[in-house]
**Q** 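This is the structure I have questions about; it appears just below.
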There are 2 protein chains.
Amino acid sequence: MATSNESFRYFTLGLLAHQPMSGYDIRRFLKSLEWLIGSPSFGVIYPALHALLEDGLVTMEVASRPDKPPRKIYSITEAGKQALLEWVDQPPASNANLKAFIMRLIPVGSSAHAGLIVHLQQRRAQVLAHQADLERIITDWAEGVDWGQRLAVDYGLAVASAELAWLDKVLVRLSTEPWAEEVIEIERSVDMV
Amino acid sequence: MATSNESFRYFTLGLLAHQPMSGYDIRRFLKSLEWLIGSPSFGVIYPALHALLEDGLVTMEVASRPDKPPRKIYSITEAGKQALLEWVDQPPASNANLKAFIMRLIPVGSSAHAGLIVHLQQRRAQVLAHQADLERIITDWAEGVDWGQRLAVDYGLAVASAELAWLDKVLVRLSTEPWAEEVIEIERSVDMV
DNA sequence: AAGCGCATGTAAAAGGTTACATGATTAC
DNA sequence: GTAATCATGTAACCTTTTACATGCGCTT
């Protein structure tokens, strides 16, 4: 085992489970999701790939193309798929924030449906708890409240509501729709924003 | 000048502008907002307070109480208020995530009405941009899409929608209501952009 | 041949957490 | 007297960013 950084290593492994990529590809993909989960620099990405390679969870091959510099393409191995499934099965941290949730959602959503439902239900319980926390803050104040703090809590409650609505929507879909039509289903769910 | 850690130092200064507190108080307050902005450990809080003290932005006095161990209460100074106003005036990072936004929202919302509106409008523009990014990802895919990735993007769009709705609601309220004294700064009138 | 976009990599510095040390006060 | 809570602080460790180094291949 090389460096630790477990969650990012497995997140990366999840991306590679979908399709082989280079470090540069991963960087670009994360750049587009920067708002959601941040986009770690090469100083994180490359060492993570090296660690996965050392652990035998991925293989690497150099792809020389005619018109561009060569790239190192990483592909997941059978051992990698196995390790990913095991990791996905583990319960998430109880205090996971939005970023941590999404970073698990991607590999979990890609692999196992039963695991996905559990994952979303756990998230739902956590958001409910945090919502209660925020509401308790407000009732504890009740007067002489700082404006900035009030706005911040109000904002948090708005996000919590939106998250709960989204989670319920997805959970209902997952529990009522037959698995076979999953791809079509999710395409329908995405358009309504 | 002591350690860097600028954003957390000013965030702390903003809390002290609202009311004098000890490091322990700050920790407890942040614990309740953990979901929103995370709760840094004492290894961050105490050095930040020491740095503020060294820079003359706060003063410290030991409060010995009869029934509990003594605490070090930090209060903002005039120089501190000045520095805070200058910091609040600076534009936020263009790629600020939710946490960074909230950490600025608290001091900004506490100090200046005009600055608050600008801050929220900037956030609004950023969220719109990120929303467009996420929508572009979807249109770029269109085929053989990974389930987890689709869920993540869908989730991001739901949060973006909620944020925009919240921002619009607050901005409308701020621009239409004749403003209450609460928002106007405690002692001094400030001119801001 | 200079500059740019692609692509990989690393070292130094900054940022943050964990674990520990210290000690006062209350409750059992 | 010993455990628990309050309260402050530091050092070792881990993670992440920043800044740099390297080099291919295309365009001007």
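Below, chain A is the first sequence line, B the second, and so on; all start at residue 1. Everything quoted here is computed from the prediction, not taken from an experiment.
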**Q** List in chain and number order the residues that pass salt bridge (charged side-chain N to carboxylate O under 4.0 Å, His left out) with A:Lys81, two or more places apart in sequence or in another chain; answer none if no residue qualifies.
**A**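 A:Lys81 satisfies salt bridge (charged side-chain N to carboxylate O under 4.0 Å, His left out) with A:Glu78 once adjacent residues are dropped.
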**Q** Please enumerate all protein N or O atoms sitting under 3.5 Å from an N or O of nucleotides 26-28 of chain D, with distances to 0.1 Å.
**A**
unit_1	atom_1	unit_2	atom_2	d
D:dC26	OP1	A:Pro66	O	3.4

**Q** Send over the distance from A:Phe11 CZ to D:dT16 P, rounded to a whole Å.
**A**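 Answer to the nearest Å: 13 Å.
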**Q** Taking atom C1' of C:dG5 as reference, at what distance in whole Å does atom OH of A:Tyr24 sit?
**A**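 Rounded to whole Å, this separation is 6 Å.
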**Q** Name all residues meeting the side-chain hydrogen bond (donor to acceptor under 3.5 Å, both in side chains) criterion together with B:Trp35; count only those two or more places apart in sequence or in a different chain, and write none if there are none.
**A**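 side-chain hydrogen bond (donor to acceptor under 3.5 Å, both in side chains) list for B:Trp35, sorted by chain: empty.
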**Q** Can you pull out the residues from residues 25-46 of chain A that lie within a 4.0 Å heavy-atom distance of DNA chain D?
**A**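 By residue number: A:Pro40, A:Ser41, A:Gly43, A:Val44.
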**Q** Taking DNA chain C as the partner, which of residues 12-20 of chain A come within under 4.0 angstrom of it by heavy atom?
**A**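 The stretch gives none, as no residue of it lies under 4.0 Å from the strand.
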**Q** Please report, rounded to the nearest Å, how far the P atom of D:dG9 is from the CZ atom of B:Arg71.
**A**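 The distance from CZ of B:Arg71 to P of D:dG9 comes to 13 Å, rounded to the nearest Å.
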**Q** Not counting sequence neighbours, which residues clear ring-ring contact (aromatic ring centres under 6.0 Å, His included) with B:Tyr74? List them please.
**A**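 Per chain and number, B:Tyr74 pairs via ring-ring contact (aromatic ring centres under 6.0 Å, His included) with no residue.
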**Q** Tell me the interatomic distance from A:Arg9, atom CZ, to D:dC14, atom P, rounded to whole angstroms.
**A**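 One finds 14 Å between P of D:dC14 and CZ of A:Arg9, rounded.
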**Q** For the pair made of CD1 in A:Ile73 and C1' in C:dA7, what is the distance, rounded to whole Å?
**A**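 In whole Å, C:dA7 C1' and A:Ile73 CD1 are 11 Å from each other.
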**Q** In chain order, what residues pass the side-chain hydrogen bond (donor to acceptor under 3.5 Å, both in side chains) check against B:Arg124, with sequence neighbours excluded?
**A**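 Counting only residues at least two positions away or on another chain, B:Arg124 forms a side-chain hydrogen bond (donor to acceptor under 3.5 Å, both in side chains) with B:Asp168.
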**Q** Between B:Glu6 (CD) and C:dA14 (C1'), how many Å, whole number?
**A**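 About 14 Å, once rounded to whole Å.
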**Q** Under the side-chain hydrogen bond (donor to acceptor under 3.5 Å, both in side chains) rule, collect the residues that match up with B:Asn95, sequence neighbours excluded.
**A**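 In terms of side-chain hydrogen bond (donor to acceptor under 3.5 Å, both in side chains), with neighbours along the sequence ignored, B:Asn95 is linked to no residue.
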**Q** On DNA chain D, nearest-nucleotide positions of A:Pro70 versus B:Lys72: which is more 5'?
**A**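 Its nearest nucleotide being more 5', the pick is B:Lys72.
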**Q** The criterion is salt bridge (charged side-chain N to carboxylate O under 4.0 Å, His left out); which residues satisfy it with A:Asp25, sequence neighbours excluded?
**A**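 A:Asp25 satisfies salt bridge (charged side-chain N to carboxylate O under 4.0 Å, His left out) with A:Arg28, A:Arg71 once adjacent residues are dropped.
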**Q** Looking only at side-chain N and O atoms, does B:Arg65 come under 4.0 Å of OP1 or OP2 in C:dT25?
**A**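 Answer is no, no contact under 4.0 Å.
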**Q** Below the 4.0 Å mark, does C:dG16 have OP1 or OP2 next to a side-chain nitrogen or oxygen of B:Asn5?
**A**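 True: B:Asn5 side-chain N/O within range (under 4.0 Å) of C:dG16 OP1/OP2.
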**Q** Rounded to the Å, how far apart are A:Asn97 CG and C:dT17 C1'?
**A**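 Distance check: A:Asn97 CG to C:dT17 C1' gives 15 Å.
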**Q** Of the non-hydrogen atoms in B:Arg27 and B:Ser41, which two are nearest, and what is the gap between them?
**A**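 The pair with the smallest heavy-atom distance is NH1-CA, 3.1 Å.
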**Q** Can you tell me the distance, in whole Å, between the CG atom of B:Asn95 and the P atom of D:dT17?
**A**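 Distance, rounded to whole Å: 11 Å.
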**Q** Just jot down the salt bridge (charged side-chain N to carboxylate O under 4.0 Å, His left out) partners of B:Arg123, sequence neighbours excluded, or say none.
**A**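 With neighbours one apart ignored, the set is B:Glu163.
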**Q** Return the set of residues passing ring-ring contact (aromatic ring centres under 6.0 Å, His included) with A:Tyr155 (not counting sequence neighbours), or none when no residue passes.
**A**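 A:Tyr155 satisfies ring-ring contact (aromatic ring centres under 6.0 Å, His included) with B:Phe101, B:Trp166 once adjacent residues are dropped.
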**Q** Taking the side chain from B:Ser22 and the backbone from B:Ile73, do they hold a donor-acceptor pair closer than 3.5 Å?
**A**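 No, because the side chain of B:Ser22 does not come within donor-acceptor range (under 3.5 Å) of the backbone of B:Ile73.
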**Q** Of all residues at least two apart in sequence or in a different chain, which pass the ring-ring contact (aromatic ring centres under 6.0 Å, His included) check with A:Tyr46?
**A**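 Listed in chain order: A:Phe42.
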